[in-house]
Protein chains: 2
Amino acid sequence: MDARTEERTWTVGELAGDLGITTRTLRFYEAEGLITPARAGSNRVYGPREHARMRLILRGRRFGMTLAECREIVDMYTGAESSEQRQLTTLLARLDAIAEDLERRRADLDRTLTEVTDVADQCRNRLTELGLEE
Amino acid sequence: MDARTEERTWTVGELAGDLGITTRTLRFYEAEGLITPARAGSNRVYGPREHARMRLILRGRRFGMTLAECREIVDMYTGAESSEQRQLTTLLARLDAIAEDLERRRADLDRTLTEVTDVADQCRNRLTELGLEE
DNA sequence: CTTGACGTTCACGTTAACGTCAAGCAGGCG
DNA sequence: CGCCTGCTTGACGTTAACGTGAACGTCAAG
């Protein structure tokens, strides 16, 4: 019965619930060419591949990337194995650029984090002072 | 001549150029209550205080915060010294929540970064393979 | 005195990323 | 059978964060 190729599938509603988004978002992303689920008749069928792809996209969104940027990256991921030498080279360049950007963001975030915790510490000190004065 | 209180000032255009944004953005932020520059006649005059405030806001924006969130944070920063005990407590709670969020983002970013560098490494391996085969 | 380069306010336009109906089909259930 | 639930495709509405232009003031240079 070919049981080993039986992969889990999701409907729009299921996947949306699973990912914490709405069905509208899934359909919108499809219209924008970010995902291409299979069809059972007219109904969308999402497989594990689409599930992973969506998680990638959503992570991109969390980092403030536009949908176009998300698509670019996800396409690069999925096309990484099948690429020819020339494409691999340009892909590698893009990946390095992205990594560089991410490291900049990381440094930025670290600075912000220490600043925030510093202010929080000042608050704590001020509070203990106030507590001792009265 | 009270020279020690002479602080550097900027016009809209200067500050915009300095921060890499447009004058429209500065005026918009003012209309939204994020900054309140002084005036020389009808012209806006920005001091070091506004400059720093803007850098804070822009950093918030880089992290994908909305202007409302930026305002909240910046207001908290500047109001940190003058606050009373009750306000300090709620302020501290907010700061801790923000720090927690930032740490989550940081972990997320780290995961992404390692993933990207992993894929890049796979690319490099694949490229050296291709180089050896021919 | 006119020409630019800067500033001002007011107001409508734009884009991304969805939300929100509307109208209709398909299947299961009491 | 009627109803409910969940799917479908449009199509229009919405919000944030500015862009863009109009219409005007002001000051220094030529």
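What you are looking at is a predicted structure, and each value in this text was computed from that prediction instead of being measured. By convention in this document, chain letters (A, B, ...) are assigned in the order of the sequence lines, proteins followed by strands, and residues within each chain are numbered from 1.
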Q: Could you pull out all residues at least two apart from B:Leu34 that satisfy side chain to side chain contact (heavy atoms under 4.5 Å, CB included)?
A: B:Tyr29, B:Glu32, B:Ile57, B:Leu67, B:Cys70, B:Arg71
Q: Measure from CZ on A:Arg27 to P on C:dC21 and round the result to the nearest Å.
A: 15 Å
(Q) For B:Glu84, is there any backbone N or O sitting under 3.5 Å from a side-chain donor or acceptor partner on B:Gln87? (A) no
Q: List for me each residue that meets side chain to side chain contact (heavy atoms under 4.5 Å, CB included) alongside B:Arg86, sequence neighbours excluded, and say none if there are none.
A: none
**Q.** All salt bridge (charged side-chain N to carboxylate O under 4.0 Å, His left out) counterparts of A:Glu115, not counting sequence neighbours
**A.** B:Arg59
Q.
Can you measure A:Tyr46 atom OH to D:dC7 atom C1' for me and round it to whole angstrom units?
A. 11 Å
Q. Between A:Arg49 and A:Glu7, does at least one N-O distance fall below 4.0 Å, as a salt bridge requires?
A. no
(Q) In dot-bracket form, 5' to 3', how is DNA chain D paired? Count Watson-Crick and G-U wobble pairs only if both distances fall under 3.5 Å, and write | where the partner sits on another strand. (A) ||||||||||||||||||||||||||||||
Q. Once you round to the nearest 0.5 Å, how far does CD of A:Glu129 lie from CG of B:Leu88?
A. 10.5 Å
Is there any protein nitrogen or oxygen under 3.5 Å from a nitrogen or oxygen in nucleotides 15-20 of chain C, and what are the pairs?
from: C:dA17; atom 1: OP1; to: A:Arg61; atom 2: NH1; distance (Å): 3.0
from: C:dA17; atom 1: OP1; to: A:Leu67; atom 2: N; distance (Å): 3.1
from: C:dC18; atom 1: OP2; to: A:Tyr29; atom 2: OH; distance (Å): 2.6
from: C:dG19; atom 1: OP2; to: A:Thr22; atom 2: OG1; distance (Å): 2.8
from: C:dG19; atom 1: N7; to: A:Arg24; atom 2: NE; distance (Å): 3.0
from: C:dG19; atom 1: O6; to: A:Arg24; atom 2: NH2; distance (Å): 3.0

Q. Which residues satisfy the salt bridge (charged side-chain N to carboxylate O under 4.0 Å, His left out) test with B:Arg8, sequence neighbours excluded?
A. none
Q) Of all residues at least two apart in sequence or in a different chain, which pass the salt bridge (charged side-chain N to carboxylate O under 4.0 Å, His left out) check with B:Arg94? A) B:Glu72
Q.
Using a 4.0 Å cut-off on heavy atoms, which residues in residues 10-18 of chain B reach DNA chain D? List them by number, or say none.
A. none
Q: Please answer whether the main-chain N or O of B:Gly47 pairs with a side-chain N or O of B:Glu50 as donor and acceptor at a distance below 3.5 Å.
A: yes
Q: Quick one: list whatever passes side chain to side chain contact (heavy atoms under 4.5 Å, CB included) with A:Thr66, sequence neighbours left out.
A: A:Ala68, A:Glu69
Q. Quick one: does A:Arg104's side chain have a donor or acceptor within less than 3.5 Å of a partner on A:Ala99's backbone?
A. no
Q.
Once side chain to side chain contact (heavy atoms under 4.5 Å, CB included) is applied, do any residues pair with A:Arg124, and if so which ones, sequence neighbours excluded?
A. A:Ala120, A:Asp121, B:Leu92, B:Asp96
Q. How many Å lie between CZ on A:Arg39 and P on D:dC7, as a whole number?
A. 13 Å
At a cut-off of 3.5 Å, list every protein nitrogen or oxygen paired with a nitrogen or oxygen from nucleotides 27-29 of chain C, distance to 0.1 Å.
none

Q: Would you kindly give the CG-to-P distance between B:Leu26 and D:dC18, to the nearest whole Å?
A: 10 Å
**Q.** Residue pairs involving residues 15-25 of chain B (criterion side chain to side chain donor-acceptor pair (under 3.5 Å); sequence neighbours excluded)
**A.** B:Asp18-B:His51, B:Thr22-B:Thr25, B:Thr23-B:Arg27
